[in-house]
J.: 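Got a structure here, written out as structure tokens. Questions coming.
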Amino acid sequence: MAATPRNRSATSRKRNPEGRMRLVEHLIEFRNRLIISAIAIAIGMVAGFFLTDIVLDLIRRPIETLQETREGRVSINFGNVTTGFDLRLQIALTLGIVVSSPVWLYQTWMFLMPGLKKGERRYIIGFLGAAIPLFLGGVALGFILMPRMIEVMAMFVPEKDTVFYDAKTYYSFVLTLCLAVGVAFVVPVILVMLNFAGILAGKTILGGWRWAILIAALFGGISTPAADVLSMVLLMLPMIALYFAAVGIALLHDKRQAKRDAKLRENLLGSSEMSRGD
């Protein structure tokens, strides 16, 4: 894999213009970027700890809505002495991941494509400009779908019976759903960037459309309750749309690149013929 570590000197680049790295260097690069990402998440986690009350109120609203519409009692149960504190740490960690997304997304991209030339560095801006909004949009979509999922599953409980949701399980479901959808929305952007970097052809991406739809269906089925088909479909459709949007962009880029290559060959051929004529 062609790569140039961030701390590599100009002299080493001259000696190794292709920037090829050994396995040990790859591991060191991975460790360094992982540490930077972890520090950013930890800082975001500290800040997020002070916002846990707001998040708890937002996530509790579907339960309060159910309580108003059902005869039986609906509540969240904190069944352990340390559950409240553990839950706040979990929420703070989730907020840290969301807040620090620009940092770890940048580190992820630079680990995948560290050997970018000067003219290719615009890919970084394009990646971050698309990946960050999509990640945050995915998190928001997961949060929007969450009340619907809870409402559907509560329908299977008899109206007059009491519903106790374990606090840790309930909040884990909500937070995991939001993060999972956010990450899933970033995958098409990675495919496009790999295409722009010349690693993955548009036809190759298109060739996996059946797998993409299957993965989207499986992801939607796992992330949503089996009985909530509507939420599953609402989750699948944006993922499939983003995938085919990535395919379209990659194919268009390949077509333009082919034209540029053909024009370059023509120019080189013309220059060669002129040299022979002289």
Side-chain angles (χ1 to χ4, degrees), residues 1 3 26 29-30 33-34 36-38 40-41 44 93-94 96-116 120-146 149 173-224 231-254:
M1 176 178 176
H26 276 295
E29 181 79 2
F30 175 76
R33 299 199 178 279
L34 183 62
I36 294 174
S37 299
I41 292 174
L93 176 60
T94 305
I97 293 174
V98 173
V99 171
S100 64
S101 56
V103 177
W104 58 260
L105 282 171
Y106 172 78
Q107 296 299 325
T108 300
W109 174 245
M110 289 307 296
F111 174 74
L112 294 174
M113 296 300 302
L116 292 177
E120 297 173 334
R121 290 175 186 171
R122 65 183 184 276
Y123 296 161
I124 301 174
I125 300 176
F127 172 76
L128 293 177
I132 294 173
L134 283 175
F135 173 76
L136 297 178
V139 172
L141 178 61
F143 188 80
I144 292 172
L145 291 178
M146 175 265 299
M149 299 177 188
F173 164 73
V174 175
L175 300 176
T176 303
L177 171 67
C178 294
L179 288 180
V181 178
V183 172
F185 274 31
V186 176
V187 173
V189 184
I190 296 177
L191 293 177
V192 171
M193 292 297 104
L194 292 177
N195 171 261
F196 274 48
I199 296 176
L200 204 58
K203 290 183 178 180
T204 303
I205 301 175
L206 178 61
W209 69 270
R210 294 180 181 84
W211 284 103
I213 294 177
L214 177 61
I215 292 172
L218 290 174
F219 180 83
I222 294 172
S223 302
T224 60
S231 295
M232 176 181 173
V233 173
L234 290 176
L235 188 57
M236 283 178 56
L237 290 180
M239 293 176 60
I240 295 174
L242 287 171
Y243 168 77
F244 281 106
V247 170
I249 295 172
L251 290 174
L252 181 62
H253 175 262
D254 288 349

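Both backbone and side-chain heavy atoms feed into the values below; hydrogens, waters and symmetry mates do not.
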J.: Pairs under 3.5 angstrom only: tabulate donor-acceptor contacts from the side chains of residues 235-244 to other protein residues two or more places apart or in another chain.
T.:
{"unit_1": "Y243", "atom_1": "OH", "unit_2": "I205", "atom_2": "O", "d": "2.3"}
{"unit_1": "Y243", "atom_1": "OH", "unit_2": "W209", "atom_2": "N", "d": "3.1"}

J.: Apply the test side-chain contact (heavy atoms from CB on, under 4.5 Å) to residues F127 and V192: give CA-CA distance (whole Å), side-chain angles for both, the deciding distance (0.1 Å), then the verdict.
T.: CA-CA 9 Å; F127 172 76; V192 171; over 6 Å; no
J.: Looking at every heavy atom in both S231 and M149, which two are closest together, and how far apart are they?
T.: OG-CG, 3.9 Å
J.: Can you sort out the partners of V99 under side-chain contact (heavy atoms from CB on, under 4.5 Å), two or more places apart, ordered by chain and number?
T.: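 None.
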J.: For A40, give me all partners under side-chain contact (heavy atoms from CB on, under 4.5 Å), at least two apart in sequence or on another chain.
T.: S100, V103
J.: Quick test of your reading: applying side-chain hydrogen bond (donor to acceptor under 3.5 Å, both in side chains), list the pairs with at least one residue in residues 187-205, sequence neighbours left out, ordered by first then second residue.
T.: N195-H253, N195-D254
J.: Can you name the nearest heavy-atom pair linking P188 to A246, along with the distance?
T.: O-CB, 3.6 Å
J.: Determine yes or no for a side-chain-to-main-chain donor-acceptor pair under 3.5 angstrom, with W104 supplying the side chain and I97 the backbone.
T.: yes
J.: List the steps and the verdict of side-chain contact (heavy atoms from CB on, under 4.5 Å) for I249 and F196.
T.: CA-CA 9 Å; I249 295 172; F196 274 48; 3.9 Å; yes
J.: At what distance, to the nearest 0.5 angstrom, does OH of Y106 lie from CZ of R33?
T.: 6.5 Å
J.: Work out which heavy atom in M232 is nearest to a heavy atom in A217; give both atom names and the distance.
T.: CE-O, 3.4 Å
J.: Going by side-chain hydrogen bond (donor to acceptor under 3.5 Å, both in side chains), name the pairs with one or both residues in residues 233-242, residues two or more places apart or in two chains.
T.: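 Non-adjacent pairs meeting side-chain hydrogen bond (donor to acceptor under 3.5 Å, both in side chains): zero.
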J.: Pairs under 3.5 angstrom only: tabulate donor-acceptor contacts from the side chains of residues 132-144 to other protein residues two or more places apart or in another chain.
T.:
none

J.: Rounded to the nearest 0.5 Å, what separates atom CG in L218 from atom CD1 in I213?
T.: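 If we round to the nearest 0.5 Å, L218:CG and I213:CD1 are 12.0 Å apart.
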J.: Could you tell me which residues satisfy ring pair (Phe, Tyr, Trp, His ring centres under 6.0 Å) with F185, sequence neighbours excluded, listed by chain and number?
T.: none
